[in-house]
Asks: 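Got a structure here, written out as C-alpha cells. Questions coming.
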Protein chains: 2
Amino acid sequence: MNQPPGSLPVYLQIVELLVRDIAANRLIDGEKLPPEREMAAEMGIAVGTLRKALAELQSRGLLERVQGSGNYVRAISDPQSVYAMFRLELIGGGGLPTAEVLDIERLAKPSGLPDFGSSAEAHRIRRIRRLSGKPAALEEIWLDGSYVEAIDTNDLSESLYLYYRKRLGLWIVRAEDQVGLGKVPEWAPPVFGQPKGAPVPLVTRASQAQDGARAEVSLTWFDPEIARYVARLR
Amino acid sequence: MNQPPGSLPVYLQIVELLVRDIAANRLIDGEKLPPEREMAAEMGIAVGTLRKALAELQSRGLLERVQGSGNYVRAISDPQSVYAMFRLELIGGGGLPTAEVLDIERLAKPSGLPDFGSSAEAHRIRRIRRLSGKPAALEEIWLDGSYVEAIDTNDLSESLYLYYRKRLGLWIVRAEDQVGLGKVPEWAPPVFGQPKGAPVPLVTRASQAQDGARAEVSLTWFDPEIARYVARLR
DNA sequence: AGGAATTTGTGCGTATGTATC
DNA sequence: AGATACATACGCACAAATTCC
C-alpha cells in the first residue's frame with residue numbers, strides 16, 4: 001500500500017478508520033479485534049504499521065492491548081459521559097498538547113464572566129490546541145490587566161504558565177472548573193472541526209494565583225470527538 | 001545488546017538513561033542530541049529501538065523532535081516550577097496513567113478534610129498511580145458513604161469514574177484543586193520513590209457531583225521527579 | 001497440572017520519503 | 001541543488017504473556 005505524496009501516513013489513516021468505527025459503534029466497548037497479523041494482511045499493510053496505529057489508539061484511551069491475549073476496544077458508548085467526565089488537562093492523554101496563539105488583545109472585561117482581578121481591562125488570549133496536529137480545542141484566556149501592560153505573541157511561544165511565572169512572577173495554585181455545553185465561537189478558525197454555533201463541550205475555569213487573587217478566567221471549547229476519547233481516562 | 005530475562009526492555013533502559021541525564025543537567029535545555037544513527041551505533045542498539053525511546057521522551061515533554069533537523073532537549077531546569085505549575089491530570093502527558101488499588105475501607109470521616117457528603121462515614125480508597133510502570137503518585141480518595149454500602153476492590157478494576165457512573169449513577173461535573181506541599185504518607189508502599197515524611201507536591205481536590213453535592217475529596221501525593229516532567233506541559 | 005498453540009511485545013536491519021540546513 | 005537527519009514502512013526472528021486443550 002503505497003501512497004500518493006502529500007496524503008496522510010498509512011498508520012494515521014488506519015487510526016482514523018478505527019476511530020470512525022468506534023465512534024459509529026461498529027466497534028463496541030469490550031470487543032476484541034482480530035489478531036494483528038490477520039488484520040494487517042487484510043488491510044494490505046505491514047504488521048509494524050498496524051501496530052503503530054494501535055499504539056496511537058491505546059494512547060488515546062480507545063484501546064486496551066494485552067500481550068498474549070488481544071486488542072480490546074475501550075470506549076464509552078454513552079455519549080452523555082462525554083460531557084460529564086472529561087477534564088481539560090486529560091486531553092494530554094493523546095500526546096503532547098500544543099498551543100498556538102491566534103491573537104492577543106487588551107480589552108475591557110466583558111460581562112458574563114466570573115469576577116476576577118482588580119483591573120477594568122484584561123488581556124484576551126485566543127489559542128488553538130492540537131493533539132497530534134489535529135485541532136482539539138479552542139481557548140480564550142482572560143488575564144487580568146493589572147499584571148502587565150502588554151503581552152507580545154512571542155512571549156507565549158513556550159508555555160503560558162511559564163510566561164506567567166518567569167515574566168509576571170505569577171503562578172496558579174487553585175482552579176475551579178465548570179463543565180457544560182457551549183457554542184462554537186464566531187472567531188473559530190476554519191480548521192476547527194465543528195460548524196460555528198454547534199453545541200460542544202465547554203469548560204469554564206477560574207484560576208487563583210498564589211497571592212489569593214483570581215488572576216484569570218478561561219473558556220475552552222472542545223471538539224466533541226476529541227472530548228470523547230478523553231472521557232474514559234481515570 | 002541482548003538482555004538477561006526479567007530486566008527492563010532496552011528501549012525503556014534508554015529512556016531511563018536519558019531521563020537521568022536530563023534530570024542531572026548533563027543534558028541541558030535546548031541541547032541537540034547526536035544523529036539517531038550515530039547514537040544508536042554508539043549504544044550498540046538498532047535505530048528503531050532508539051527511536052522508540054526518543055518517542056517516549058517526546059511524549060513526556062522532555063524532547064522535541066524535528067524532522068530534518070534533530071532531537072532537542074526540552075526540560076525545565078528550575079525546580080521551583082515543580083510546585084507551581086503542575087496539575088493532577090497533566091500526568092496523563094507521560095502515557096496512559098494506570099491506577100492500582102491498594103485497599104478500600106469504610107471509615108468515619110477524618111477531621112481536617114473539607115466537608116463533603118451527608119454521611120458520617122466515607123469509603124477511603126488508596127491507589128498507586130504509575131506512568132510507564134513507574135510509581136508516580138499516591139492517591140487517597142474519600143467517597144461519601146451515602147452512595148453505596150460497600151465497595152469491592154474488583155469493582156474498580158477499570159476506572160474509578162466509570163464505576164461511579166455505571167454503578168452509582170454519579171458523575172463529577174466540577175472540581176476544585178488546591179496545590180501545596182505535603183508529607184509522604186505513612187502508608188506509602190516501598191515502591192514510592194520518596195522517603196516517608198519527605199515533602200512532596202500535594203493536590204487536594206473537592207469534587208462536586210451532578211446533583212450539586214460534594215461527593216468526594218481526594219488527596220494526591222506526587223513523586224517530585226515525576227511532577228517535574230509534568231510541569232512544562234501547557 | 002502441564003504443555004502446545006495463539007497472540008502481542010521487543011528488537012533488528014533496510015529501503016524510501018520528506019523536511020531542514 | 002546537494003547533504004543531512006528524522007519519518008514512514010516493510011519483514012523477520014525471538015521473547016513473553018495468555019489461552020486452550
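Letters A, B, ... mirror the listed sequences (proteins, then strands); counts begin at 1.
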Asks: If I compare all heavy atoms of A/Trp221 with all of A/Lys183, which pair ends up nearest, and what's the gap?
Replies: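 Minimum heavy-atom separation between A/Trp221 and A/Lys183: NE1-O, 3.0 Å.
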
Asks: Send over the distance from B/Ile45 CD1 to C/dG13 C1', rounded to a whole Å.
Replies: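 Taking CD1 of B/Ile45 and C1' of C/dG13, I get 13 Å after rounding.
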
Asks: What's the CG-P distance between B/Leu54 and D/dC6, to the nearest Å?
Replies: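 After rounding, the gap between these two atoms is 9 Å.
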
Asks: Write down the distance between CD (A/Glu56) and C1' (D/dT8), rounded to a whole number of angstrom.
Replies: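 Distance, rounded to whole Å: 14 Å.
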
Asks: Whole-Å distance between C/dG13 P and B/Leu50 CG?
Replies: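 After rounding, the gap between these two atoms is 13 Å.
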
Asks: Checking B/Arg106 now: which residues fulfil side-chain hydrogen bond (donor to acceptor under 3.5 Å, both in side chains) with it, not counting sequence neighbours?
Replies: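 Residues passing side-chain hydrogen bond (donor to acceptor under 3.5 Å, both in side chains) with B/Arg106: B/Glu121, B/His123.
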
Asks: In whole angstrom, give the distance that lies between atom CD1 of B/Ile14 and atom C1' of C/dT10.
Replies: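 These atoms are roughly 13 Å apart.
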
Asks: Output all residues satisfying salt bridge (charged side-chain N to carboxylate O under 4.0 Å, His left out) with B/Glu36, sequence neighbours left out; order by chain, then residue number.
Replies: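 Checked B/Glu36 against salt bridge (charged side-chain N to carboxylate O under 4.0 Å, His left out); matches are B/Arg51, B/Arg65.
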
Asks: Would a 4.5 Å heavy-atom cut-off, applied to side chains only, mark B/Leu17 and B/Met43 as touching?
Replies: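 Of all side-chain heavy-atom pairs linking B/Met43 with B/Leu17, at least one is under 4.5 Å.
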
Asks: So, taking the atom named CD in B/Glu139 and the one named CG in B/Leu219, what distance separates them when rounded to the nearest 0.5 Å?
Replies: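 So the CD of B/Glu139 and the CG of B/Leu219 are separated by 9.5 Å.
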
Asks: Can you sort out the partners of A/Asp152 under side-chain hydrogen bond (donor to acceptor under 3.5 Å, both in side chains), two or more places apart, ordered by chain and number?
Replies: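 Only A/Asn154 meet the side-chain hydrogen bond (donor to acceptor under 3.5 Å, both in side chains) criterion with A/Asp152.
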
Asks: I want to check something: taking the side chain as every heavy atom from C-beta on, are A/Asp103 and A/Arg124 in contact at a cut-off of under 4.5 Å?
Replies: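 Yes, side chains in contact.
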
Asks: Note the angle between the end axes of the helix from C/dG2-D/dC21 to C/dC21-D/dG2, five pairs defining each, rounded to 10 degrees.
Replies: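 The two end axes of the helix from C/dG2-D/dC21 to C/dC21-D/dG2 meet at 10°.
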
Asks: Taking the nucleotide of DNA chain D with the nearest heavy atom to each, does A/Tyr72 or A/Val47 sit closer to the 5' end?
Replies: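 Here A/Val47 is the residue nearer the 5' end.
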
Asks: With B/Glu186, which residues qualify under side-chain hydrogen bond (donor to acceptor under 3.5 Å, both in side chains), at least two apart?
Replies: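 Listed in chain order: nothing, the list is empty.
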
Asks: So which protein nitrogen or oxygen atoms get under 3.5 Å of nucleotides 4-9 of chain C's nitrogens or oxygens?
Replies:
| from | atom 1 | to | atom 2 | distance (Å) |
| --- | --- | --- | --- | --- |
| C/dT7 | O2 | A/Gly68 | N | 3.4 |
| C/dT8 | OP1 | A/Asn71 | ND2 | 3.4 |
| C/dT8 | OP2 | A/Glu36 | N | 2.8 |
| C/dT8 | O4' | A/Gly68 | N | 3.3 |
| C/dG9 | OP2 | A/Arg51 | NH1 | 2.8 |
| C/dG9 | OP2 | A/Arg51 | NH2 | 3.4 |
| C/dG9 | OP2 | A/Arg65 | NH2 | 2.7 |
| C/dG9 | O4' | A/Gln67 | NE2 | 3.3 |

